[in-house]
Amino acid sequence: MFNFKDTYRQLPATLFTESNPQQATNPKVLVFNSALATFLNLKHIPETDELAAILSGTKLLPNAVPIATAYAGHQFGHFTKLGDGRAILLGEHLTNTNQRFDIQLKGSGRTVYSRGGDGKATVKAMLREYLMSECMYALGVPTTRSLAVVTTDDDVRREEWHKGAVLTRVAASHVRVGTFEYVRYFGDAQHLQLLCDYVIQRHYPQLQAQPNKALVLLEAVIESQASLISEWMRVGFIHGVMNTDNTSICGETIDYGPCAFLNAYKLDTVYSSIDEQGRYAFGNQANIIFWNLVRFAESLLPIIADTEKKAIDLANGVLQTFQARYQQQFYTKMFSKIGMAYSTDEADKVLINDLLSWMEQVGADYTNTFLAIEGISIPTDERYNSTAFLAWHQRWQKRLGDSIHSKDVKMRLRSANPLVIPRAHLVEEALNKAANYHDLELFNTLIQQVQQSDSTLVNLQFMTPPDTTFENNYATFCGT
Ligand code: AMP
Ligand code: MG
């Protein structure tokens, strides 16, 4: 089924532990992503018990040498030793165009890194990751993907008993900032260099000939994370738990826990119940990624230069470029959202900033505001008839002039602005129906609606924000 050609196991043995998934009781395929299976050119496999056995880790493929990877991380600012406590890397699948993807089972039982945990996952949590990651993919945001959710008859105890499940996650790799932190604090400089070389070869091969690989890797990761966070800001995504172990080196969104999409535009929006300080609030995501990148730089210091002082100077020089890179990425996407190309004109930035301020002031819906600008029919909202909005709209029309009807403007608007996002109230309803009643209709429809690129085929129900009672009381839980 998979064409496993593993490379990670060539790294020093401290970085992983060979480890088989646990046997699951009565695994059954609940969702299978055949489009992704086709993309990966997996041989057609019917959704049988055999498939469920493979994707729950119960039946091991003959060519698989599964491992759990070691990593550390700063969680809410505090350094901890972690590792795959409830995930197993089955192997690296090579497609027929030589693209390499990690195939990871999440929720397949304990590993040496599990600490007190059971290594398992609930159906709802795994369906959430499946749904959110596939929606992010549909919206054009770099992300890990989901191949399947398989349920088991193994009970999982959280606050209450839940049904267990295993998610098959597909990622460009699972190397995290936390992987580097692990080697920095529990390994040596030689191991660090090997990991650095490995990541460059796998994700940034264009940097292979550079004399200071660690420094150029730092720069490349700064750039890819600046781009990723600006994409989150483009679509209104709040990750919710941006710990350094959840920051992927290749620039994919990873680990969908207490994440959610923004309804009304509000920079201090926090949905995660454990984020009491608002550390991971919507508008703080760029600051936090910078904080994480500083941790990344710190872990690279021993291989950036031969003295710490020199290494710090070099690293700081690169870190200082983050703000400018992020601003450029952010405004490029924001300009796109109003049909414009990137501009260095302050007046143009003011046009964007004024729109954002207006949204925040009146509590306008982030997604629908841009659709209103574009002229796509959205659920009725009096705010778009207000003098303030109409005045902004006129300024915008004047700024674009005749080009407003051009193909370029239309294309930018259409590619930057989602028609439908997976709104939390619908996500919750879809997950409850799927997990509790085995009713996947809303779950599937929601993904299809987010994938829909024709505005006339979008159902208004999926564009309607929740009422304020929902919005004010909504909290997401890690719910592992
Ligand atoms: P996450 O919140 O999914 O990013 O996980 C943070 C850390 O906790 C990782 O090292 C996970 O492997 C570990 N972890 C989360 N849930 C469990 C669980 N049920 N059993 C064991 N380890 C877990
Ligand atoms: Mg994690």
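As the structure lists them, so they are numbered: ligands from 1, and atoms in each ligand from 1. Note that the numbering runs from 1 along the sequence shown for the chain.
- Nearest residue to atom 11 (C) of ligand 1 from Ala87, Ala70, Gly83, Ala72 is Gly83 (criterion: closest heavy atom).
- A heavy-atom separation below 4.0 Å is found between Tyr71 and ligand 1.
- Ala281 approaches Leu267 most closely through the heavy-atom pair CB-O, 4.0 Å.
- Within ligand 1, counting atoms from 1 as listed, the ones closer than 4.0 Å to a heavy atom of Leu82 are 7 (C), 10 (O).
- Each of the atoms 12 (O) of ligand 1 lies under 4.0 Å from some heavy atom of Asp84.
- Side chain of Thr152 to backbone of Asp154: a donor-acceptor contact under 3.5 angstrom is found.
- Panel note: side chain Ser114, backbone Gly85; a donor-acceptor pair is recorded below 3.5 Å.
- When only modelled atom types and interatomic distance are considered, Tyr137 and Ser146 share no side-chain donor-acceptor pair under 3.5 Å.
- Shown in contact with Arg115 at under 4.0 Å from a heavy atom are these atoms of ligand 1, numbered in order with element: 7 (C), 8 (O), 10 (O), 13 (C).
- Checked against a 3.5 angstrom limit, the closest N/O atoms of Gly85 and ligand 1 fall inside it.
- Not a single donor-acceptor pair under 3.5 Å links the side chain of Thr58 to the backbone N or O of Gln23.
- Not a single N or O atom of Gly117, backbone or side chain, sits closer than 3.5 Å to an N or O atom of ligand 1.
- The residue from Arg325, Gln328, Lys333 that alone fulfils the side-chain hydrogen bond (donor to acceptor under 3.5 Å, both in side chains) condition with Ser230 is Lys333.
- To the nearest 10 degrees, the Mg ion (ligand 2) sees OD1 of Asn246 and OD2 of Asp255 at an angle of 80°.
- For Gly257, the closest heavy-atom approach to ligand 1 does not fall below 4.0 Å.
- In this structure, Lys213 contributes its side chain and Leu207 its backbone to no donor-acceptor pair below 3.5 Å.
- Remark: Arg423 engages Asp365 in a salt bridge, criterion side-chain N to carboxylate O under 4.0 Å.
- Compare Arg157, Arg86, Lys81, Lys120 by their heavy atoms: the one nearest to atom 14 (N) of ligand 1 is in Arg86.
- Side-chain contact, Thr7 with Glu92: a donor N or O sits under 3.5 Å from an acceptor N or O.
- The only option from Thr144, Asp102, Asp255 that meets the side-chain hydrogen bond (donor to acceptor under 3.5 Å, both in side chains) definition with Arg169 turns out to be Asp255.
- At least one N/O-N/O distance between Asp255 and ligand 1 falls below 3.5 Å.
- Looking at Asn246 next to ligand 1, an N or O pair under 3.5 Å apart turns up.
- Between Lys106 and ligand 1, a contact under 3.5 Å exists for no N or O pair.
- Within the listing of ligand 1, atoms 18 (C), 19 (N), 20 (N), 21 (C) sit less than 4.0 angstrom from a heavy atom of Gly119.
- The closest approach between Arg158 and ligand 1 falls below 4.0 Å for a heavy atom of the residue.
- Remark: ligand 1 atoms within the under-4.0 Å shell around heavy atoms of Gln75 are 6 (C).
- A donor-acceptor pair shorter than 3.5 Å can be found between the side chains of Thr95 and Thr97.
- Using a 4.0 Å heavy-atom cutoff, Arg110 is absent from the residues neighbouring ligand 1.
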